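Structure first, then comments.
Here is how names work: the chains are called A, B, and so on, in the same order as the sequence lines, proteins then strands, and each is numbered from 1. None of the values given here were measured: they were computed from a predicted structure.
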There are 2 protein chains.
Amino acid sequence: MKKITIDANTYVYPNPVTLVGTQVEGKANFMALGWISRVNAKPPLVGIGVNRVLHTAKGIRETKTFSVNYPSADMVEAADYCGIVSGKKVDKSDLFEIFYGHLKTAPMIKECPLCMECKLIDTVELPTNYFFIGEIVMSYTEEKYLTDGKPDIKKMNPLLLTMPDNSYWTVGEYAGKAWSIGKALKK
Amino acid sequence: MKKITIDANTYVYPNPVTLVGTQVEGKANFMALGWISRVNAKPPLVGIGVNRVLHTAKGIRETKTFSVNYPSADMVEAADYCGIVSGKKVDKSDLFEIFYGHLKTAPMIKECPLCMECKLIDTVELPTNYFFIGEIVMSYTEEKYLTDGKPDIKKMNPLLLTMPDNSYWTVGEYAGKAWSIGKALKK
C-alpha cells in the first residue's frame, strides 16, 4: 500500500452532471456544471462553482436566480454541447423545451427528470470562480421518475463526470443502505 | 411530460461518498460526507458542507485543516459506520490505518484509493451548516489506481450516495467523452 503524491489539482470523484439555467440579457441560457453540492440542511441550500467569466455568472448576478437541471444519460450529447459552446456566442435557448416555476427568471428544462429552481442568497468570491449559494424554492419531476414518492435514481438515470480524464458515466449497482449497513460494526 | 412539484428539500444527485478526516482534541476522527464540491479552479479549492454541531466542525475550526478520503466500494460498511456514530462518543481513530502529509493535523486513510489534504481558507456560516473551503495542498494515491497517470475511476471504485432514499451505489457504465461528444450538435 505504497502512497504516491499526485497533483494538488485533484477533483471531487465523481461529479454529478447538471445543466444550470439562467436568464441572460432576457434570453434563456444553459451551461453544463459538475461543481455542485448541497451546503445547508435547513433551509435547503445548494452551491455551485461557476467560472467568473462565464455567461452564466453574468445571468445569476443580474437576476439573482438560477435553476439546476439533471439531464438523463440519453441527453448526454446535448448536455455536453452546453459545456462546449458559450452563451456569449451561441443561442442555447431553443435546445430544450423550457418551463418556468415560481421564479420568473430561472428557466428549467422539461426533458430533464429533475429540476430545482433556486433563489440566490449569497455569493462567495473566489480567485477564478464564484460560488453561488441558492435556496431551492421548489423542485419538479414527473410521476414516472418516483418510487414510493421519492426520486428514483435508476429511473432518472443521471450522468456523472470524472476529471481530469473527462469522462461521463452512469450510476451503477446498488451497494447498500446508508445510515444502516455500517451498524454491523457497532460494538 | 407532465411536471409535478416535489419537496424543496431536494438533494444533489448523486453525491460522492467521502470520509473527512480531522484532528479533534488531539485524536484522529472521520465522518462520512456527501456534501462536497470543487469550488475554484486556480488555486484548487474544495468546499464541504458540515453540520455545525458535529465533532468534525469542531476539529476543522481548531486546526484549520482537514482531509478528504474516498473509500472504495468494499469499504462501504466502515464508511457508513463513520456516518452513524459521532466522534464525541466513539473513538474512530483505530478504524483505519492513518497517515499524514504536509499538514500535521489532517489524518488520511491508507485504505482509501484517493486522499486529499486541505488547508482551510474560508468558512461560510450558514444557518445549520458550515461550508468549509479548503485549498488542496496535496493528493495521494497508489500506482495501481492510475491509468496513463490519471486517477482511474473504475480502479478506484468509489461510492455514490442518493438521498432521501439513503442508498449507496457504485459507478456504472462509460457514457461518453466530456467536452467532445456534444460536438456532434455544433452547427
Side-chain angles (χ1 to χ4, degrees), chain A residues 1 3 5-6 8-14 16 35-42 44-45 49 70 73 76-77 80-81 83-84 110 116 124 126-129 131 136-142 150 153 158-159 161-162 164-166 168-176 178-179 181-182 184-185, chain B residues 1 3 5-6 8-14 16 35-42 44-45 49 70 73 76-77 80-81 83-84 110 116 124 126-129 131 136-141 143 150 153 158-159 161-162 164-166 168-176 178-179 181-182 184-185:
Chain A
M1 214 187 280
K3 294 291 174 188
T5 56
I6 52 173
N9 187 25
T10 305
Y11 294 92
V12 169
Y13 254 34
W35 292 7
I36 180 169
S37 175
R38 271 289 294 266
V39 298
N40 193 70
K42 289 180 190 175
L45 303 181
Y70 290 81
V76 63
E77 280 193 9
D80 191 55
Y81 177 75
I84 291 175
K110 271 202 182 164
M116 308 173 178
V124 185
L126 298 169
T128 56
N129 291 62
F131 190 68
I136 305 167
V137 299
M138 190 46 73
S139 294
Y140 302 84
T141 187
E142 294 167 48
K150 294 176 186 169
I153 197 82
L159 287 163
L161 168 69
T162 50
D165 58 323
N166 300 345
Y168 293 119
W169 307 88
T170 59
V171 173
E173 299 300 313
Y174 179 75
W179 293 282
I181 193 172
L185 297 188
Chain B
M1 214 187 283
K3 294 290 174 189
T5 56
I6 51 173
N9 187 26
T10 305
Y11 295 92
V12 169
Y13 254 37
W35 292 9
I36 179 169
S37 175
R38 270 291 291 266
V39 298
N40 193 70
K42 289 180 191 174
L45 303 182
Y70 290 82
V76 64
E77 279 194 10
D80 190 56
Y81 177 75
I84 291 175
K110 271 202 181 162
M116 308 172 177
V124 185
L126 299 168
T128 55
N129 292 62
F131 190 67
I136 306 168
V137 298
M138 190 46 73
S139 293
Y140 302 84
T141 186
E143 280 291 346
K150 294 174 187 170
I153 196 84
L159 287 163
L161 168 68
T162 50
D165 59 322
N166 300 346
Y168 294 119
W169 308 88
T170 59
V171 173
E173 298 300 313
Y174 179 75
W179 294 280
I181 194 172
L185 297 186

- Query: Side chain, backbone, both or neither: which part of B:Leu126 has an atom under 4.5 Å from a heavy atom of chain A?
  - Reply: both

- Query: With only heavy atoms counted, which part of B:Tyr70 is less than 4.5 Å from chain A, the side chain, the backbone, both or neither?
  - Reply: side chain

- chain B shares the most heavy-atom pairs under 4.5 Å, among A:Pro16, A:Ala184, A:Pro158, A:Gly182, with A:Gly182

- Message: Tell me which of these, A:Gly83, A:Ala8, A:Pro44, A:Gly49, has more heavy-atom pairs under 4.5 Å with chain B than the rest.
- Response: A:Ala8

- Query: Which residues pass the side-chain hydrogen bond (donor to acceptor under 3.5 Å, both in side chains) test with A:Thr162, sequence neighbours left out?
  - Reply: A:Asp165, A:Trp169

- Nearest heavy-atom approach of A:Leu159 to B:Ala175 is CD2-CB, 3.8 Å

- Query: Does B:Glu173 have any side-chain contact (heavy atoms from CB on, under 4.5 Å) partners at least two apart in sequence or in another chain, and if so, which?
  - Reply: A:Thr170

- Proximal component of A:Met138, with respect to chain B [non-hydrogen, under 4.5 Å]: both

- Task: Sort B:Val137 into side chain, backbone, both or neither according to what part of it lies under 4.5 angstrom from a heavy atom of chain A.
- Result: backbone

- Task: With a 4.5 angstrom heavy-atom cut-off, could you sort out which part of B:Tyr11 is near chain A: side chain, backbone, both or neither?
- Result: both

- Item | Minimal non-hydrogen separation, A:Ala41 against B:Asn129, with atom names | N-OD1, 3.1 Å

- Atom group of B:Ala73 that falls short of 4.5 Å from chain A, counting heavy atoms: neither

- Message: Nearest 0.5 angstrom please: A:Ile6 CD1 to B:Tyr140 OH, how far?
- Response: 10.5 Å

- Give, as side chain, backbone, both or neither, the part of A:Leu161 having an atom under 4.5 angstrom from any heavy atom of chain B. side chain

- Whether A:Lys3 side chain and B:Lys110 backbone form a donor-acceptor pair below 3.5 Å: yes

- Item | chain B interface, residue from A:Thr141, A:Val76, A:Ile136 that has the most non-hydrogen pairs under 4.5 Å | A:Thr141

- Query: So which heavy atom on A:Ser37 is nearest to which on B:Val12, and how close?
  - Reply: C-CG2, 3.7 Å

- Proximity breakdown for A:Lys150 and chain B, heavy-atom pairs closer than 4.5 Å: side chain

- Looking only at non-hydrogen atoms, find the nearest pair between A:Glu77 and B:Ile181 and report the distance. CG-O, 3.7 Å

- Heavy-atom nearest pair, B:Asn166 first then A:Trp179, reads OD1-CZ3, 3.4 Å

- Message: Testing the basics here: between A:Thr10 and B:Met116, what is the closest heavy-atom pair and its distance to 0.1 Å?
- Response: CG2-CE, 3.6 Å

- Message: Could you measure the distance from the CG atom of A:Asn9 to the CG atom of B:Leu45? Nearest 0.5 Å is fine.
- Response: 10.0 Å

- Task: For the pair A:Asn40 (side chain) and B:Thr128 (backbone), establish whether a donor and an acceptor sit closer than 3.5 Å, ignoring hydrogens and angles.
- Result: yes

